[in-house]
Amino acid sequence: MQSTHVRNILKPPSPILQSTLVSFSTLCGPPLPGKFIPNHPILAVLSKSSHPQTDLRALHAHTVTSGLLLDPFAASRIVQLFLKSDPSLARAIFHSLHHPDVYTWNAMIMAHPDAHSSVAHYFRMLQAGAPPNNYTFALLVKACVEGRTDILVAMKVHGQILKRGVEDLLVVRNSLINMYCNMGCLKEARALFDLSSRLDLISWNSMISGYGKAGDVVSARDLFEEMPERSLVSWGAMIDGYVRKGGFLEALKLFNEMMVGGMKPDVVILVSVLKGCAQLGALDQGRWIHIYVEKNRLGWERNVVLSTALIDMYAKCGCIDHALEVFNGVGEGDVVLWNAMIGGLAMHGLGQDALEMFWGMKRKGLVPNETTFVNVLCACTHAGMVERGREIFCSMKKDYGVEPQREHYGCLADLLGRAGLVREAEEVITNMPMEPQPSQWGALMAACRTHNNVKVGERIGKRLISLEPHDGGRYVLLSNVYAGASRWEDALEMRRVMEEKGAKKERGCSFIECNGVVHEFSVGDKSHPQCRGIYEKLSEMERELKKVGYAQDTSQMLVEMGDEEDKGIALSYHSEKLAIAFGIINMGQGTPIRVVKNLRVCRDCHAYTKLVSKVYKIEIVVRDRNRFHRFRDGLCSCMDYW
DNA sequence: CTAGGGTTAG
């Protein structure tokens with residue numbers, strides 16, 4: 001029916017195609033004298049990427065009058081084309097067809113928003129007597145993966161695949177493995193993996209990535225060690241698994257191993273490693289990756305994901321200037337990139353800059369999302385900008401149509417609580433439209449501790465403990481609230497109850513990087529090779545600090561020991577103190593000491609570090625769970641507000 | 001058509 005001589009010219013998508021499309025769309029405009037009839041290749045092109053200038057209405061009229069729809073192949077192209085631009089019209093065309101072919105059915109299956117209706121469409125296809133092909137099943141599986149459907153629909157699809165006897169095709173099996181992995185059904189995925197007589201690299205990689213995403217790095221590593229050959233994707237999946245699980249050191253080690261083995265990392269792997277560096281505060285490693293990217297011309301300027309990872313790494317490693325440099329070099333940023341930058345500024349206590357970023361983002365025409373507001377509210381919190389924060393919280397729904405979530409109420413409570421407005425903060429949490437979760441009460445609790453509000457603190461503390469009786473941190477917090485009010489018996493009692501319930505608190509640990517190697521310290525750690533030197537340094541430091549009036553602040557300490565002296569010893573060996581002593585011994589004068597801590601800095605360590613920066617004339621940058629503290633000449637960038 | 005990547009939450 002159609003002339004086919006154009007087909008040869010149009011085979012691969014090329015610049016020629018573009019110009020053909022333009023001329024086609026001009027020709028398609030009304031009136032359509034019938035001198036140009038779109039043939040198969042042109043329809044194929046159009047259905048893949050319809051040109052913005054294409055006159056779809058004219059095209060539709062043309063398809064009706066020309067009898068093009070009688071040709072099943074052309075019909076499928078037309079349906080696909082209209083599914084993109086005008087779905088309801090596409091459905092109408094579909095229903096007018098007498099015998100849609102598999103491709104048309106598949107296109108319709110693909111167009112459904114969720115797996116459930118895709119599957120329903122598939123059954124209609126069977127009823128109509130149309131035979132599905134492999135692509136049909138791939139689509140169904142894909143719908144399950146993307147639509148986050150429930151396991152029942154997924155198993156229905158699996159059942160159909162078995163019934164049709166196509167489960168042995170590698171493509172199909174791999175899709176299924178991937179589907180189960182994405183739904184968190186690792187056992188089902190593994191069963192398919194184990195049953196398969198033939199496995200390819202993709203099967204292995206799917207399985208490893210599945211375990212990695214589910215947090216089971218041990219199983220992932222077992223497969224990783226076992227597999228016959230590894231590709232970049234295998235390494236990437238494994239490294240990412242460790243990063244997700246929090247095994248940053250392990251991830252870096254694996255990355256190193258990979259490099260030693262002669263593999264050249266690509267952008268994806270570098271992004272995972274950068275994430276690990278960010279968490280660890282491994283600035284040297286992160287910087288090394290930045291240089292690697294530039295040397296190999298991997299072009300971070302045009303890769304938003306990579307530049308976001310770089311920005312986040314620099315920000316989390318304390319180099320907000322470098323983060324800004326990368327940010328300014330990016331060609332076109334998206335919301336996530338801006339969020340990372342705003343979050344970075346917030347962490348550094350640069351509230352005003354964060355707000356300006358926020359306005360700038362709006363000017364760029366980007367739409368702020370939930371994360372943006374979490375970061376902006378955090379920025380206000382860290383900078384103590386209470387009124388600003390309130391305004392922004394109110395504007396969320398009003399001006400941006402973003403409904404505040406639990407997190408946002410938590411941020412608001414944190415903002416108010418940290419500023420001393422504890423009662424108001426409590427009202428925010430009690431009156432929020434959804435059920436508060438422990439973390440929201442936790443924000444309040446922290447405020448009670450800093451502002452010594454025993455009344456509210458006791459009430460919330462007890463509630464929190466009943467909610468999460470196994471989280472030792474809750475008892476510690478309440479105990480500290482009591483201690484802050486000199487209610488020693490109550491503080492001790494909390495400690496006793498905690499022991500009785502067998503609750504464990506998170507162990508404090510700190511990281512410090514030296515010559516590209518990350519060192520880890522926990523409270524009272526004696527495992528480091530330089531242990532003796534570090535402890536000697538610590539006692540020397542304490543002597544020096546006492547000369548300028550340092551006195552331990554034991555008020556916030558969990559009453560772990562009977563007498564003051566022991567309490568003091570435990571306090572002297574908080575992990576960040578060990579890390580700082582290590583830094584003083586090993587780092588050259590003039591380079592700032594950067595420490596990353598997993599918990600919040602305690603009052604004593606904060607005062608201590610301020611003095612160390614003065615007496616030893618060094619800059620110390622500590623990143624705690626919440627934000628950065630930059631200690632210089634006896635002062636901290638947080639202005640003692642944290 | 002099937003495998004690895006970025007921001008947030010006390």
Side-chain angles (χ1 to χ4, degrees), chain A residues 106 110 133-142 145 169-179 181-182 200-210 212-213 220 230-241 243-244 265-275 278 300 303-313 315-316 333-344 346-347 369-378 381 405-411 413-414 417-418 425 429 436-447 449 464 471 473-474 477 599-600 625-626:
Chain A
N106 287 350
M110 187 165 30
N133 63 8
N134 294 339
Y135 189 36
T136 315
F137 295 109
L139 284 174
L140 288 174
V141 172
K142 206 175 158 197
V145 172
L169 285 165
L170 261 178
V171 198
V172 175
R173 191 181 295 267
N174 285 343
S175 311
L176 276 174
I177 290 177
N178 188 37
M179 175 187 80
C181 282
N182 273 292
D200 65 357
L201 201 53
I202 295 181
S203 329
W204 287 91
N205 290 344
S206 300
M207 208 55 231
I208 291 173
S209 134
K213 286 206 179 96
R230 295 172 190 156
S231 67
L232 266 187
V233 177
S234 327
W235 288 92
M238 197 60 235
I239 290 174
D240 183 58
V243 172
R244 272 170 204 271
D266 65 355
V267 185
V268 179
I269 292 191
L270 294 178
V271 167
S272 287
V273 180
L274 276 175
K275 204 175 161 181
W300 55 264
N303 185 331
V304 255
V305 180
L306 179 54
S307 36
T308 306
L310 277 172
I311 289 171
D312 188 48
M313 181 277 293
K316 290 213 169 81
D334 62 359
V335 198
V336 181
L337 181 116
W338 283 76
N339 286 350
M341 194 64 245
I342 293 173
M347 259 187 294
N369 61 14
E370 283 82 357
T371 308
T372 316
F373 286 106
V374 169
N375 289 351
V376 172
L377 289 172
C378 276
T381 303
Q405 301 164 333
R406 275 198 188 85
E407 291 77 5
H408 301 108
Y409 286 97
C411 286
D414 197 25
R418 219 167 282 199
I429 297 296
Q437 280 173 348
S439 64
Q440 276 89 51
W441 293 116
L444 268 184
M445 200 52 199
R449 190 192 60 172
L464 258 175
D471 184 345
R474 309 298 183 201
L477 222 44
L599 304 173
R600 282 173 71 169
R625 175 167 275 209
N626 258 297

Query raised in the report: Does a side chain donor of either A/Asn369 or A/Thr372 reach within less than 3.5 Å of an acceptor in the other side chain?
Result: yes
**Report entry** Donor-acceptor under 3.5 Å (A/Asn182 side chain, A/Asn178 main chain)
**Finding:** yes
Report task. Calculate the interatomic distance between A/Trp441 atom CH2 and B/dA9 atom C1'; express it in whole Å. Result -> 17 Å
**Report entry** Interatomic distance where CZ belongs to A/Arg474 and C1' belongs to B/dG10 [whole Å]
**Finding:** 7 Å
Requested in this report: Can you tell me the distance, in whole Å, between the CG atom of A/Asn339 and the P atom of B/dT7?
Outcome: 11 Å
Query raised in the report: Could you state the CG-C1' distance from A/Asn626 to B/dT8, rounded to the nearest angstrom?
Result: 13 Å
Query raised in the report: Base, sugar-phosphate, or nothing for A/Arg625, non-hydrogen atoms under 4.0 angstrom?
Result: base
Query raised in the report: Taking CZ from A/Arg449 and C1' from B/dG10, how many angstroms apart are they, rounded to a whole number?
Result: 11 Å
Report task. Check the pair A/Asn133, A/Thr136 against side-chain hydrogen bond (donor to acceptor under 3.5 Å, both in side chains), reporting the backbone distance first and the verdict last. Result -> CA-CA 5 Å; A/Asn133 63 8; A/Thr136 315; 2.8 Å; yes
**Report entry** salt bridge (Lys or Arg N to Asp or Glu O under 4.0 Å) involving A/Arg625 - partner list, sequence neighbours excluded
**Finding:** A/Glu506
Query raised in the report: Reading nucleotides 1-6 of chain B from the 5' end, what letters show protein touch, with B for base, S for backbone sugar-phosphate only, - for no heavy atom under 4.0 Å?
Result: BBBBBB
**Report entry** Close side-chain approach of A/Tyr409 and A/Gln440, heavy atoms under 4.5 Å
**Finding:** no
Report task. State, yes or no, whether a side-chain contact exists between A/Ser209 and A/Asp240 at a heavy-atom distance under 4.5 Å. Result -> no
Requested in this report: Round to the nearest Å and state the distance from A/Gln405 atom CD to B/dT7 atom C1'.
Outcome: 14 Å
